[in-house]
Amino acid sequence: MRQGACSFGLWKVAVDYDDMVVHRVRFMRTAPDGPVPIEFTRFLAGKGTGFAPLTSAALGGDGTYAEIYRAVSRIPYGETQSYGEIAKAAETHPRVVGNAMARNPTPLIVPCHRVISSDGSLGGFSPDLEIKKSLLQLEKSSLRRHIS
DNA sequence: GACACATTTTGGA
DNA sequence: TCCAAAATGTGTC
(Lines give C-alpha, C1' and ligand atoms only; values in the text may rest on other atoms or scores of the structure.)
Protein backbone atom coordinates (compact mmCIF):
# COMPACT_ATOMS: atom_id res chain seq x y z
CA MET A 1 0.00 0.00 0.00
CA ARG A 2 1.44 3.34 -1.05
CA GLN A 3 0.37 6.78 0.09
CA GLY A 4 0.69 10.12 -1.57
CA ALA A 5 -0.87 13.55 -1.87
CA CYS A 6 -1.21 16.30 -4.44
CA SER A 7 -2.79 19.75 -4.43
CA PHE A 8 -6.16 20.82 -5.72
CA GLY A 9 -6.72 24.50 -5.18
CA LEU A 10 -6.61 25.21 -1.47
CA TRP A 11 -7.00 21.52 -0.70
CA LYS A 12 -4.76 18.50 -0.59
CA VAL A 13 -5.88 15.24 -2.12
CA ALA A 14 -4.49 12.32 -0.13
CA VAL A 15 -4.47 9.01 -1.94
CA ASP A 16 -3.99 5.51 -0.53
CA TYR A 17 -3.43 3.08 -3.37
CA ASP A 18 -1.91 -0.21 -4.31
CA ASP A 19 -0.80 -0.70 -7.91
CA MET A 20 -3.95 0.00 -9.96
CA VAL A 21 -6.42 -0.16 -7.08
CA VAL A 22 -7.23 2.98 -5.09
CA HIS A 23 -8.33 2.16 -1.59
CA ARG A 24 -9.05 5.60 -0.19
CA VAL A 25 -9.12 9.23 -1.28
CA ARG A 26 -9.47 12.07 1.18
CA PHE A 27 -9.60 15.85 0.98
CA MET A 28 -7.53 17.55 3.65
CA ARG A 29 -6.31 21.05 4.43
CA THR A 30 -2.77 19.78 4.83
CA ALA A 31 -1.12 16.51 3.90
CA PRO A 32 2.41 15.14 3.66
CA ASP A 33 3.65 15.27 0.09
CA GLY A 34 4.10 12.02 -1.75
CA PRO A 35 3.77 10.38 -5.13
CA VAL A 36 0.30 9.89 -6.59
CA PRO A 37 -0.69 8.05 -9.78
CA ILE A 38 -0.21 10.18 -12.88
CA GLU A 39 -3.93 9.91 -13.55
CA PHE A 40 -4.63 12.06 -10.51
CA THR A 41 -2.34 14.91 -11.46
CA ARG A 42 -3.62 14.81 -15.02
CA PHE A 43 -7.25 14.87 -13.95
CA LEU A 44 -6.78 17.65 -11.40
CA ALA A 45 -5.01 19.69 -14.07
CA GLY A 46 -8.01 19.28 -16.37
CA LYS A 47 -5.98 17.17 -18.78
CA GLY A 48 -7.71 13.83 -18.26
CA THR A 49 -11.31 12.76 -18.50
CA GLY A 50 -11.05 9.72 -16.25
CA PHE A 51 -8.86 7.53 -14.10
CA ALA A 52 -8.51 4.47 -16.30
CA PRO A 53 -6.75 2.10 -15.87
CA LEU A 54 -7.09 2.91 -12.18
CA THR A 55 -9.98 1.33 -10.31
CA SER A 56 -11.51 1.91 -6.91
CA ALA A 57 -11.80 -0.71 -4.21
CA ALA A 58 -15.35 0.59 -3.68
CA LEU A 59 -16.40 -0.57 -7.16
CA GLY A 60 -15.75 -4.21 -6.39
CA GLY A 61 -17.79 -6.58 -4.32
CA ASP A 62 -21.56 -6.65 -4.26
CA GLY A 63 -24.30 -5.08 -2.23
CA THR A 64 -26.23 -1.87 -2.55
CA TYR A 65 -23.26 0.44 -2.06
CA ALA A 66 -21.19 -1.23 -4.77
CA GLU A 67 -24.15 -0.96 -7.15
CA ILE A 68 -24.46 2.73 -6.37
CA TYR A 69 -20.74 3.37 -6.82
CA ARG A 70 -20.76 1.57 -10.16
CA ALA A 71 -23.79 3.58 -11.29
CA VAL A 72 -22.09 6.82 -10.29
CA SER A 73 -18.85 5.89 -12.06
CA ARG A 74 -20.84 5.48 -15.29
CA ILE A 75 -21.70 9.20 -15.37
CA PRO A 76 -19.83 10.69 -18.35
CA TYR A 77 -17.15 13.33 -17.82
CA GLY A 78 -18.62 16.82 -17.52
CA GLU A 79 -22.18 15.60 -17.04
CA THR A 80 -24.32 15.29 -13.94
CA GLN A 81 -27.09 13.03 -12.66
CA SER A 82 -29.52 13.43 -9.81
CA TYR A 83 -29.65 11.27 -6.71
CA GLY A 84 -32.95 9.92 -7.97
CA GLU A 85 -31.42 8.83 -11.30
CA ILE A 86 -28.65 6.99 -9.52
CA ALA A 87 -31.15 5.39 -7.18
CA LYS A 88 -33.13 4.09 -10.13
CA ALA A 89 -30.02 2.73 -11.83
CA ALA A 90 -28.88 0.98 -8.65
CA GLU A 91 -32.42 -0.20 -7.87
CA THR A 92 -32.51 1.48 -4.51
CA HIS A 93 -33.77 4.73 -3.02
CA PRO A 94 -32.39 8.27 -3.18
CA ARG A 95 -31.86 8.43 0.54
CA VAL A 96 -29.46 5.52 0.32
CA VAL A 97 -27.60 7.17 -2.55
CA GLY A 98 -27.02 10.24 -0.42
CA ASN A 99 -25.65 8.09 2.34
CA ALA A 100 -23.40 6.20 -0.06
CA MET A 101 -21.95 9.45 -1.37
CA ALA A 102 -21.39 10.75 2.13
CA ARG A 103 -19.47 7.57 2.99
CA ASN A 104 -17.71 7.40 -0.37
CA PRO A 105 -14.21 6.02 0.34
CA THR A 106 -12.84 7.16 -3.03
CA PRO A 107 -14.15 10.51 -4.26
CA LEU A 108 -12.91 11.48 -7.75
CA ILE A 109 -12.58 7.81 -8.75
CA VAL A 110 -16.24 7.44 -7.93
CA PRO A 111 -17.26 10.87 -9.26
CA CYS A 112 -19.66 11.75 -6.48
CA HIS A 113 -19.29 15.42 -7.41
CA ARG A 114 -21.35 14.68 -10.53
CA VAL A 115 -24.33 13.71 -8.40
CA ILE A 116 -26.62 16.66 -7.74
CA SER A 117 -30.15 17.32 -6.48
CA SER A 118 -33.11 16.78 -8.76
CA ASP A 119 -33.92 20.50 -8.88
CA GLY A 120 -30.50 21.34 -10.29
CA SER A 121 -28.90 22.57 -7.08
CA LEU A 122 -25.63 21.02 -6.04
CA GLY A 123 -26.85 18.96 -3.10
CA GLY A 124 -24.07 18.40 -0.62
CA PHE A 125 -20.44 17.48 -0.39
CA SER A 126 -17.91 16.64 2.29
CA PRO A 127 -15.80 18.15 3.61
CA ASP A 128 -16.57 21.29 1.64
CA LEU A 129 -19.10 22.10 -1.07
CA GLU A 130 -16.47 24.35 -2.62
CA ILE A 131 -14.60 21.25 -3.81
CA LYS A 132 -17.67 19.98 -5.63
CA LYS A 133 -18.17 23.33 -7.32
CA SER A 134 -14.53 23.50 -8.36
CA LEU A 135 -14.55 19.96 -9.77
CA LEU A 136 -17.68 20.58 -11.83
CA GLN A 137 -16.28 23.85 -13.07
CA LEU A 138 -13.01 22.15 -13.97
CA GLU A 139 -14.77 19.45 -15.96
CA LYS A 140 -17.08 21.90 -17.68
CA SER A 141 -14.34 24.27 -18.79
CA SER A 142 -12.02 21.44 -19.72
CA LEU A 143 -14.72 19.80 -21.79
CA ARG A 144 -15.54 23.04 -23.57
CA ARG A 145 -11.88 23.62 -24.33
CA HIS A 146 -11.61 20.09 -25.65
CA ILE A 147 -14.54 20.61 -28.04
CA SER A 148 -13.24 23.92 -29.38
C1' DG B 1 -30.06 -2.02 18.73
C1' DA B 2 -31.05 2.83 17.83
C1' DC B 3 -29.96 6.83 15.19
C1' DA B 4 -28.04 9.81 11.73
C1' DC B 5 -27.54 10.85 6.85
C1' DA B 6 -24.87 15.00 0.69
C1' DT B 7 -32.82 13.11 -1.07
C1' DT B 8 -37.03 12.52 -3.39
C1' DT B 9 -41.75 11.97 -3.89
C1' DT B 10 -46.40 12.13 -2.64
C1' DG B 11 -50.54 13.58 -0.24
C1' DG B 12 -53.13 16.88 2.30
C1' DA B 13 -54.21 21.65 3.59
C1' DT C 1 -48.85 26.00 -4.32
C1' DC C 2 -46.48 24.85 -0.15
C1' DC C 3 -45.33 22.05 3.82
C1' DA C 4 -44.81 17.72 6.20
C1' DA C 5 -43.91 13.00 6.41
C1' DA C 6 -42.54 8.48 4.73
C1' DA C 7 -39.41 5.38 2.26
C1' DT C 8 -34.70 2.87 3.06
C1' DG C 9 -29.64 0.79 3.63
C1' DT C 10 -25.38 1.17 5.96
C1' DG C 11 -22.08 2.67 9.38
C1' DT C 12 -21.25 4.43 13.95
C1' DC C 13 -22.15 4.95 18.85
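To find a chain, count down the sequence lines: A is the first, B the second, and so on, and within it residues start at 1. Fair warning: this is a prediction, and the values are worked out from it, not measured in the lab.
- Under the Watson-Crick or G-U wobble criterion, with both distances below 3.5 Å, B:dA4 is paired with C:dT10.
- Of the possible donor and acceptor atoms, none in the side chain of A:Lys12 sits under 3.5 Å from a partner among the backbone N and O of A:Pro32.
- For B:dA4 and C:dA5, the P atoms lie 16 Å apart once the distance is rounded to whole Å.
- Of the residues in residues 55-73 of chain A, those with a non-hydrogen atom less than 4.0 angstrom from any atom of DNA chain C are A:Thr64, A:Tyr65.
- Looking only at side-chain heavy atoms (C-beta outward), A:Ser56 and A:Tyr69 stay at 4.5 Å or farther from each other.
- Inter-residue side-chain proximity for A:Gln81 and A:Val72 is flagged as unmet; no heavy-atom pair is nearer than 4.5 Å.
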Base, backbone or nothing for each nucleotide of nucleotides 2-8 of chain B, written B, S, -, heavy atoms under 4.0 angstrom, 5' to 3'? ---BBBS
Worked verdict on A:Phe125 versus A:Cys112 for side chain to side chain contact (heavy atoms under 4.5 Å, CB included): CA-CA 8 Å; A:Phe125 197 83; A:Cys112 56; 3.6 Å; yes
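- Put simply, the side chain of A:Glu67 does not reach to within 4.5 Å of the side chain of A:Thr64, judged on heavy atoms.
- Contact annotation: the side chain of A:Ser118 never approaches that of A:Tyr83 to less than 4.5 Å [non-hydrogen atoms, C-beta and beyond].
- Of the residues A:Glu79, A:Glu85, A:Glu139, the one that meets the salt bridge (charged side-chain N to carboxylate O under 4.0 Å, His left out) test with A:Arg114 is A:Glu139.
- Taking CZ of A:Phe8 as the start and OG1 of A:Thr41 as the end, the distance is 13.0 Å to the nearest 0.5 Å.
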